[in-house]
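All values below come from the heavy atoms of this structure, side chains included, with hydrogens, waters and symmetry mates left out.
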Amino acid sequence: MKSIQPEDYRASSDVVLKENRTYQDFELDKKELKEELQRVRKKLGDFQNTMYAHGKYAVLICLQGMDTAGKDSLVREVFKDFNARGVVVHSFKVPTELERDHDYLWRHYIALPARGKFGVFNRTHYENVLVTRVHPEYILGENLPGVESVADIDEAFWDRRFDQINDFERHLAENGTLVYKFFLHISKEEQRQRLLRRLRLKHKHWKFSPGDLEERKLWDLYMDCYQDAIRRTSHDHAPWFVVPGDNKNAARVIVASILWEALNKYKDIVEPELDEKIRANIAEYKQQLENEKE
């Protein structure tokens, strides 16, 4: 298939989500897409091993999307060939009491990947300018100074929060964390079909919540909030990519390919060379071990 280039999916500061496609298949069937994913994710797994040995970079992958967008299955399939030590996944839910006792970025900061590792945020710090913007009453639970009612949560509040998120990501990038953010863009009709599937298949009932239907009624408002968030926070150091999500197999290939193409540009990420003295004595070390044979 034709090489996938990150710039084909990168969001600009004037992105219009309704103009972005939600379906793509590259004229490949399910089997062919799975084979392509296997090829790319193997290269990503090898890259992570090298990055671990290099020890100077970390990679943070942020996944956002409406309910049923396919975030969980994407994580499962894209990172299947990684060494288990090399990738850590965090699925952020409603903040706990402990998390609410700190600022909203705290729980994300302590979950960041160490150097040499990939970190995946399944739902991210952007929930704090998405869900809370659709439901500003949730902000009251943060117990913030100067915020006594929803009336106190004005546009200036959101401007400050976007500035804080941009500063957070800039700080990460300047200290060796490579940040890539993906919005899995599905259509409202595709979500309807996926919710129906959860209801039709008994083994998927656990995934369904009546609240999903209530949130679905706010679809247009969510799209506006996603679009604004992406526009305000897509930068060279932390780009957003809008990925057509209606075809899950193609979406996985796109995400994996974007990561590979972007990371492969870091030519300084190589396995470290052995110390010169050790390298000069390799034959001796081998001989010592071979002499141990009984």
Side-chain angles (χ1 to χ4, degrees), residues 6 37-38 40-65 69-128 130-131 165 167-184 207 233 237-241 243 245 248 251-264 266 268-272:
L37 176 60
Q38 290 172 358
V40 180
R41 74 186 182 201
K42 175 64 168 60
K43 293 194 292 187
L44 282 174
D46 291 342
F47 177 88
Q48 189 278 318
N49 283 330
T50 301
M51 190 179 77
Y52 183 84
H54 185 248
K56 292 187 178 181
Y57 291 95
V59 176
L60 175 63
I61 298 157
C62 298
L63 301 177
Q64 285 287 163
K71 299 180 291 296
D72 291 335
S73 60
L74 185 145
V75 172
R76 182 189 69 233
E77 296 300 324
V78 169
F79 301 100
K80 186 175 288 186
D81 288 339
F82 274 55
N83 187 313
R85 73 181 182 186
V87 58
V88 181
V89 180
H90 292 274
S91 296
F92 293 100
K93 308 296 185 182
V94 175
T96 65
E97 184 176 348
L98 174 62
E99 290 167 343
R100 285 196 300 270
D101 283 340
H102 295 78
D103 72 272
Y104 70 94
L105 286 174
W106 176 78
R107 66 175 181 159
H108 304 286
Y109 198 94
I110 63 174
L112 290 170
R115 298 187 193 282
K117 294 190 176 185
F118 277 55
V120 182
F121 284 1
N122 183 350
R123 295 193 184 278
T124 72
H125 43 292
Y126 282 93
E127 293 292 290
N128 298 283
L130 293 168
V131 175
I165 288 174
D167 289 343
F168 170 63
E169 293 176 350
R170 187 177 298 107
H171 169 76
L172 296 181
E174 290 175 354
N175 286 276
T177 296
L178 310 177
V179 182
Y180 302 98
K181 302 174 294 192
F182 298 92
F183 173 58
L184 302 184
K207 288 187 173 185
T233 61
H237 62 269
W240 272 105
F241 301 93
V243 177
K248 287 186 178 183
R252 295 163 189 165
V253 171
I254 293 168
V255 170
S257 298
I258 288 173
L259 286 172
W260 169 246
E261 293 296 335
L263 293 171
N264 194 42
Y266 286 84
D268 58 321
I269 300 179
V270 295
E271 292 184 1

Completion exercise
In this structure, CD1 of Ile61 is separated from CG of Leu259 (nearest 0.5 Å) by 4.5 Å

Exercise for the section: State whether the side chain of Lys181 and the backbone N or O of Ala238 hold a donor-acceptor pair below 3.5 Å, judged by distance alone. Expected result: yes

Exercise for the section: Can you label the angle between the Phe82 ring and the Phe118 ring as parallel, tilted or perpendicular, going by 30° and 60°? Expected result: perpendicular

Exercise for the section: Inspect the contact between Lys42 and Asp46 and indicate whether a charged nitrogen and a carboxylate oxygen are less than 4.0 angstrom apart. Expected result: yes

Exercise for the section: Taking Gln64 for its side chain and Leu184 for its backbone only, find out whether a donor-acceptor pair lies under 3.5 Å. Expected result: no

Practice task
Using a strict cut-off of less than 4.0 Å between a Lys/Arg side-chain nitrogen and an Asp/Glu carboxylate oxygen, indicate whether Glu77 and Lys80 qualify as a salt bridge.
Solution key: yes

Handout entry: Any Leu44 side-chain heavy atom under 4.5 Å of Phe79 side chain
Key = no

Handout entry: Parallel, tilted or perpendicular: rings of His54 and Tyr57 (30°, 60°)
Key = parallel

Exercise for the section: Taking all heavy atoms of Pro113 and all of Leu60, pick out the closest pair and write down the distance. Expected result: CD-CD1, 4.2 Å

Practice task
Measure the spacing between CG of Leu172 and CG of Leu178 and express it to the nearest 0.5 Å.
Solution key: 10.5 Å

Exercise for the section: May I ask you to check whether Glu169 and Thr233 show a side-chain donor-acceptor distance below 3.5 Å? Expected result: no

Exercise for the section: Tell me yes or no: between the side chains of Ser73 and Arg252, is some donor less than 3.5 Å from an acceptor? Expected result: yes

Exercise for the section: List the steps, then state whether ring pair (Phe, Tyr, Trp, His ring centres under 6.0 Å) holds for Tyr104 with His125. Expected result: CA-CA 8 Å; Tyr104 70 94; His125 43 292; 8.6 Å; no

Problem - Aromatic Tyr52 / basic Arg85 pairing, under 6.0 angstrom, 45° off normal - result: yes

Handout entry: Test item: Arg41 side-chain N/O and Val78 main-chain N/O as donor-acceptor pair under 3.5 Å
Key = no

Completion exercise
Residues Glu271 and Thr50: closest non-hydrogen pair is N-CG2, 3.6 Å

Fill in the blank from the handout: For Lys71 and Leu63, the nearest pair of non-hydrogen atoms, with its separation, is CD-O, 3.9 Å

Problem - side-chain hydrogen bond (donor to acceptor under 3.5 Å, both in side chains) evaluation trace for His237 with Glu174 - result: CA-CA 8 Å; His237 62 269; Glu174 290 175 354; over 6 Å; no

Handout entry: Asn264 (side chain) donor-acceptor with Trp260 (main chain) under 3.5 angstrom
Key = no

Completion exercise
Residues passing the side chain to side chain donor-acceptor pair (under 3.5 Å) test with Asp101, sequence neighbours excluded, are none

Problem - Phe183 ring center near Phe241 ring center (under 6.0 Å) - result: no

Problem - Atom of Ala58, atom of Ala114 and distance for their closest heavy-atom approach - result: CB-O, 3.4 Å

Exercise for the section: Could you tell me how the ring of His102 sits relative to the ring of Trp106: parallel (under 30°), tilted (30 to 60°) or perpendicular (over 60°)? Expected result: parallel

Practice task
For Arg170, enumerate each residue passing the salt bridge (Lys or Arg N to Asp or Glu O under 4.0 Å) test, keeping only those at least two apart in sequence or located in another chain.
Solution key: Asp167

Problem - Residues that Tyr126 engages under ring pair (Phe, Tyr, Trp, His ring centres under 6.0 Å), provided they are two or more places apart - result: Trp240

Exercise for the section: May I ask you to decide if Ala173's main-chain N or O and Thr177's side chain share a donor-acceptor pair within less than 3.5 Å? Expected result: no

